[in-house]
Amino acid sequence: MDSVDRIIAAWTRERPDLPVGLMEVWSRVTRLSRLLDRERSRSFAHHDLETWEFDVLAALRRSGEPYRMSPGQLLAELEVASGTMTNRISRLSERGLVRRRRHPSDGRSALVELTDEGRDRVDGALSDLLASEGRLLDDLDRGDVERLGGGLRAVLGHQENRVSPRGGGPSHG
(Lines give C-alpha, C1' and ligand atoms only; values in the text may rest on other atoms or scores of the structure.)
Protein backbone atom coordinates (compact mmCIF):
# COMPACT_ATOMS: atom_id res chain seq x y z
CA MET A 1 0.00 0.00 0.00
CA ASP A 2 1.20 3.50 -0.77
CA SER A 3 0.00 6.97 0.19
CA VAL A 4 -2.41 7.12 -2.75
CA ASP A 5 -4.04 3.86 -1.69
CA ARG A 6 -4.69 5.42 1.73
CA ILE A 7 -6.11 8.59 0.16
CA ILE A 8 -8.39 6.61 -2.14
CA ALA A 9 -9.59 4.43 0.73
CA ALA A 10 -10.41 7.53 2.79
CA TRP A 11 -12.28 9.19 -0.08
CA THR A 12 -14.12 5.95 -0.85
CA ARG A 13 -15.27 5.86 2.75
CA GLU A 14 -16.25 9.54 2.82
CA ARG A 15 -17.59 9.91 -0.73
CA PRO A 16 -18.70 6.51 -2.03
CA ASP A 17 -20.81 8.36 -4.62
CA LEU A 18 -17.73 9.59 -6.52
CA PRO A 19 -15.40 7.60 -8.84
CA VAL A 20 -12.36 8.22 -6.64
CA GLY A 21 -10.55 5.30 -8.25
CA LEU A 22 -9.70 7.74 -11.05
CA MET A 23 -7.12 9.16 -8.63
CA GLU A 24 -5.21 5.89 -8.97
CA VAL A 25 -3.04 7.20 -11.85
CA TRP A 26 -2.93 10.98 -11.61
CA SER A 27 -2.31 11.24 -7.88
CA ARG A 28 0.65 8.90 -8.25
CA VAL A 29 1.94 10.82 -11.26
CA THR A 30 1.66 14.07 -9.27
CA ARG A 31 3.47 12.66 -6.24
CA LEU A 32 6.18 11.10 -8.40
CA SER A 33 6.55 14.40 -10.26
CA ARG A 34 7.22 16.23 -7.01
CA LEU A 35 9.78 13.61 -5.99
CA LEU A 36 11.44 13.78 -9.40
CA ASP A 37 11.51 17.61 -9.32
CA ARG A 38 13.32 17.50 -5.97
CA GLU A 39 15.84 14.95 -7.26
CA ARG A 40 16.41 16.94 -10.45
CA SER A 41 16.88 20.18 -8.54
CA ARG A 42 19.55 18.49 -6.41
CA SER A 43 21.34 17.13 -9.49
CA PHE A 44 21.26 20.52 -11.21
CA ALA A 45 22.25 22.48 -8.09
CA HIS A 46 25.38 20.35 -7.80
CA HIS A 47 26.40 21.95 -11.11
CA ASP A 48 25.17 25.43 -10.14
CA LEU A 49 22.18 25.24 -12.48
CA GLU A 50 18.49 25.92 -12.12
CA THR A 51 16.02 23.62 -13.89
CA TRP A 52 15.23 26.23 -16.56
CA GLU A 53 18.96 26.74 -17.18
CA PHE A 54 19.44 23.02 -17.65
CA ASP A 55 16.50 22.93 -20.08
CA VAL A 56 18.00 25.62 -22.33
CA LEU A 57 21.52 24.20 -22.18
CA ALA A 58 20.24 20.67 -22.79
CA ALA A 59 18.28 21.80 -25.87
CA LEU A 60 21.44 23.35 -27.28
CA ARG A 61 23.54 20.28 -26.41
CA ARG A 62 21.05 17.90 -28.02
CA SER A 63 21.08 19.97 -31.22
CA GLY A 64 24.55 18.60 -32.04
CA GLU A 65 27.66 20.44 -33.09
CA PRO A 66 28.07 23.37 -33.25
CA TYR A 67 25.46 23.39 -30.40
CA ARG A 68 23.70 26.40 -31.83
CA MET A 69 20.02 27.28 -32.25
CA SER A 70 18.00 30.35 -33.07
CA PRO A 71 15.89 31.87 -30.29
CA GLY A 72 12.84 30.78 -32.32
CA GLN A 73 14.03 27.18 -32.34
CA LEU A 74 14.56 27.35 -28.57
CA LEU A 75 11.06 28.80 -28.17
CA ALA A 76 9.56 25.91 -30.13
CA GLU A 77 11.62 23.33 -28.24
CA LEU A 78 10.93 24.65 -24.74
CA GLU A 79 7.48 26.19 -25.23
CA VAL A 80 8.02 29.37 -23.25
CA ALA A 81 7.04 32.95 -24.08
CA SER A 82 9.33 35.03 -26.26
CA GLY A 83 10.10 37.50 -23.46
CA THR A 84 10.90 34.63 -21.11
CA MET A 85 13.32 33.12 -23.62
CA THR A 86 15.02 36.48 -24.21
CA ASN A 87 15.51 36.86 -20.45
CA ARG A 88 16.84 33.32 -20.11
CA ILE A 89 19.31 33.74 -22.95
CA SER A 90 20.53 37.03 -21.44
CA ARG A 91 21.01 35.48 -18.01
CA LEU A 92 22.82 32.45 -19.40
CA SER A 93 25.00 34.73 -21.52
CA GLU A 94 25.92 36.83 -18.46
CA ARG A 95 27.01 33.61 -16.73
CA GLY A 96 29.16 32.63 -19.72
CA LEU A 97 27.14 29.48 -20.44
CA VAL A 98 25.90 30.61 -23.87
CA ARG A 99 26.90 33.31 -26.33
CA ARG A 100 24.97 35.13 -28.99
CA ARG A 101 26.32 34.84 -32.54
CA ARG A 102 25.26 36.77 -35.61
CA HIS A 103 23.19 34.57 -37.92
CA PRO A 104 25.38 33.85 -40.99
CA SER A 105 22.56 34.24 -43.53
CA ASP A 106 20.28 36.73 -41.75
CA GLY A 107 22.01 39.79 -40.34
CA ARG A 108 18.85 40.79 -38.45
CA SER A 109 18.83 37.72 -36.24
CA ALA A 110 21.15 35.90 -33.90
CA LEU A 111 21.97 32.36 -32.93
CA VAL A 112 22.49 31.11 -29.39
CA GLU A 113 25.57 28.95 -28.96
CA LEU A 114 26.61 26.76 -26.06
CA THR A 115 30.00 27.70 -24.60
CA ASP A 116 32.52 25.11 -23.43
CA GLU A 117 31.58 26.01 -19.85
CA GLY A 118 27.88 25.52 -20.66
CA ARG A 119 28.59 22.16 -22.30
CA ASP A 120 30.64 20.98 -19.32
CA ARG A 121 27.88 22.00 -16.90
CA VAL A 122 25.03 20.42 -18.83
CA ASP A 123 27.02 17.21 -19.42
CA GLY A 124 27.82 16.91 -15.71
CA ALA A 125 24.25 17.69 -14.70
CA LEU A 126 22.90 15.14 -17.18
CA SER A 127 25.19 12.43 -15.78
CA ASP A 128 24.03 13.21 -12.24
CA LEU A 129 20.39 13.37 -13.36
CA LEU A 130 20.54 9.95 -15.01
CA ALA A 131 22.22 8.42 -11.96
CA SER A 132 19.56 9.92 -9.70
CA GLU A 133 16.68 8.83 -11.93
CA GLY A 134 18.23 5.38 -12.19
CA ARG A 135 18.29 5.05 -8.41
CA LEU A 136 14.55 5.81 -8.32
CA LEU A 137 13.97 2.72 -10.49
CA ASP A 138 16.69 0.43 -9.07
CA ASP A 139 14.35 -1.78 -7.06
CA LEU A 140 11.90 -2.38 -9.90
CA ASP A 141 11.92 -5.30 -12.31
CA ARG A 142 13.21 -4.30 -15.78
CA GLY A 143 9.99 -5.56 -17.40
CA ASP A 144 7.91 -3.42 -15.04
CA VAL A 145 9.99 -0.37 -15.95
CA GLU A 146 9.53 -1.05 -19.67
CA ARG A 147 5.75 -1.54 -19.27
CA LEU A 148 5.51 1.63 -17.18
CA GLY A 149 7.43 3.58 -19.81
CA GLY A 150 5.20 2.21 -22.57
CA GLY A 151 2.02 3.04 -20.67
CA LEU A 152 3.18 6.56 -19.90
CA ARG A 153 4.24 7.02 -23.54
CA ALA A 154 0.72 6.07 -24.65
CA VAL A 155 -0.95 8.50 -22.23
CA LEU A 156 1.44 11.38 -22.94
CA GLY A 157 1.35 10.85 -26.69
CA HIS A 158 -2.44 10.86 -26.66
CA GLN A 159 -2.57 14.06 -24.59
CA GLU A 160 0.09 15.85 -26.66
CA ASN A 161 -1.70 14.96 -29.87
CA ARG A 162 -4.97 16.34 -28.46
CA VAL A 163 -3.27 19.65 -27.70
CA SER A 164 -0.97 19.87 -30.71
CA PRO A 165 -0.24 17.44 -33.52
CA ARG A 166 3.46 18.11 -32.95
CA GLY A 167 3.38 17.42 -29.21
CA GLY A 168 6.41 18.51 -27.25
CA GLY A 169 7.13 20.62 -24.24
CA PRO A 170 9.97 20.95 -21.83
CA SER A 171 11.86 17.71 -21.73
CA HIS A 172 14.17 18.08 -18.73
CA GLY A 173 16.68 16.07 -20.53
Side-chain angles (χ1 to χ4, degrees), residues 22-23 25-134 136-137 148-173:
L22 295 173
M23 299 172 84
V25 172
W26 300 121
S27 291
R28 285 188 175 94
V29 168
T30 299
R31 287 171 179 264
L32 285 168
S33 176
R34 288 184 201 134
L35 172 66
L36 190 56
D37 284 345
R38 285 191 301 270
E39 290 296 317
R40 286 179 165 187
S41 290
R42 276 195 277 276
S43 294
F44 301 153
H46 183 71
H47 297 275
D48 194 26
L49 293 173
E50 298 288 332
T51 299
W52 68 264
E53 291 173 311
F54 176 84
D55 288 344
V56 175
L57 298 176
L60 290 166
R61 182 67 165 101
R62 287 191 311 268
S63 73
E65 283 197 69
Y67 312 117
R68 201 181 285 163
M69 297 172 79
S70 71
Q73 290 171 310
L74 286 167
L75 282 170
E77 177 83 12
L78 301 174
E79 295 185 342
V80 298
S82 178
T84 299
M85 184 54 67
T86 299
N87 183 21
R88 289 179 176 185
I89 292 168
S90 294
R91 290 174 64 186
L92 288 167
S93 180
E94 289 168 9
R95 294 189 62 200
L97 303 177
V98 302
R99 70 175 66 89
R100 288 182 174 97
R101 294 274 191 205
R102 181 176 298 278
H103 196 290
S105 60
D106 181 0
R108 296 170 296 147
S109 63
L111 294 172
V112 181
E113 182 178 86
L114 192 61
T115 64
D116 289 343
E117 169 80 13
R119 190 181 67 239
D120 290 346
R121 292 250 190 120
V122 74
D123 283 353
L126 179 62
S127 293
D128 283 358
L129 172 66
L130 294 173
S132 174
E133 288 181 354
L136 294 174
L137 299 172
L148 176 61
L152 291 171
R153 180 183 304 108
V155 172
L156 181 60
H158 177 73
Q159 295 304 315
E160 286 179 343
N161 288 327
R162 286 179 57 193
V163 173
S164 161
R166 178 179 68 75
S171 63
H172 298 298

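No experiment lies behind these values; they were computed from the predicted model shown.
- Atom CG of Leu126 sits about 13.5 Å away from atom CZ of Arg119, to the nearest 0.5 Å.
- Within the 3.5 Å criterion, the main-chain N or O of Asp37 finds a donor-acceptor partner in the side chain of Ser41.
- Put simply, the side chain of Val98 does not reach to within 4.5 Å of the side chain of Tyr67, judged on heavy atoms.
- Distance check: Ser70 OG to Arg101 CZ gives 16.0 Å after rounding to the nearest 0.5 Å.
- A distance of 11.0 Å separates OG in Ser82 from CG in Leu74, rounded to the nearest 0.5 Å.
- Asp123 pairs by the salt bridge (charged side-chain N to carboxylate O under 4.0 Å, His left out) definition with Arg61, not counting sequence neighbours.
- Rounded to the nearest 0.5 Å, atoms CZ (Arg100) and CG (Leu111) are 11.5 Å apart.
- By the 4.5 Å heavy-atom criterion applied to side chains, Leu49 and Leu97 are counted as neighbours.
- Using a 4.5 Å cut-off on side-chain heavy atoms (C-beta onward), Glu50 and Arg91 make no contact.
- Residues satisfying the salt bridge (charged side-chain N to carboxylate O under 4.0 Å, His left out) criterion with Arg28, sequence neighbours excluded, are Asp2, Asp5, Glu24.
- Residues Gly118 and Leu57 come closest through the heavy atom pair O-CD1, 4.2 Å.
- Of all heavy-atom pairs spanning Gly96 and Glu117, the tightest one is O-CB, 3.9 Å.
- With sequence neighbours left out, the salt bridge (charged side-chain N to carboxylate O under 4.0 Å, His left out) criterion links Arg99 to Glu113.
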| Stepwise side-chain contact (heavy atoms from CB on, under 4.5 Å) test for Arg121 and Glu53 | CA-CA 10 Å; Arg121 292 250 190 120; Glu53 291 173 311; over 6 Å; no
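- A salt bridge is defined here as a Lys NZ or Arg NE, NH1 or NH2 lying under 4.0 Å from an Asp or Glu carboxylate O, and Arg88 with Asp55 fails to meet this definition.
- Listed for the Ser90 side chain is a donor-acceptor partner under 3.5 Å among the backbone atoms of Thr86.
- Inter-residue side-chain proximity for Thr84 and Trp52 is flagged as unmet; no heavy-atom pair is nearer than 4.5 Å.
- Distance check, rounded to the nearest 0.5 Å: CG of Asp128 to CD of Glu39 gives 11.0 Å.
- Side-chain contact between Val80 and Leu75 is present, with heavy atoms from C-beta onward closer than 4.5 Å.
- Here the CD atom belonging to Glu133 is positioned 8.0 Å from the CG atom belonging to Leu137, to the nearest 0.5 angstrom.
- At a threshold of 4.5 Å between non-hydrogen side-chain atoms, the residues Arg162 and His158 count as touching.
- Taking all atoms of both residues into account, the shortest heavy-atom contact from Ala59 to Met69 is O-SD, 3.5 Å.
- The two residues Met85 and Pro71 make their nearest non-hydrogen contact at CG-O, 4.3 Å.
- Using a 4.5 Å heavy-atom threshold, the side chains of Val155 and Val25 count as separate.
- No donor-acceptor pair closer than 3.5 Å links the side chain of Asn87 to the backbone N or O of Gly83.
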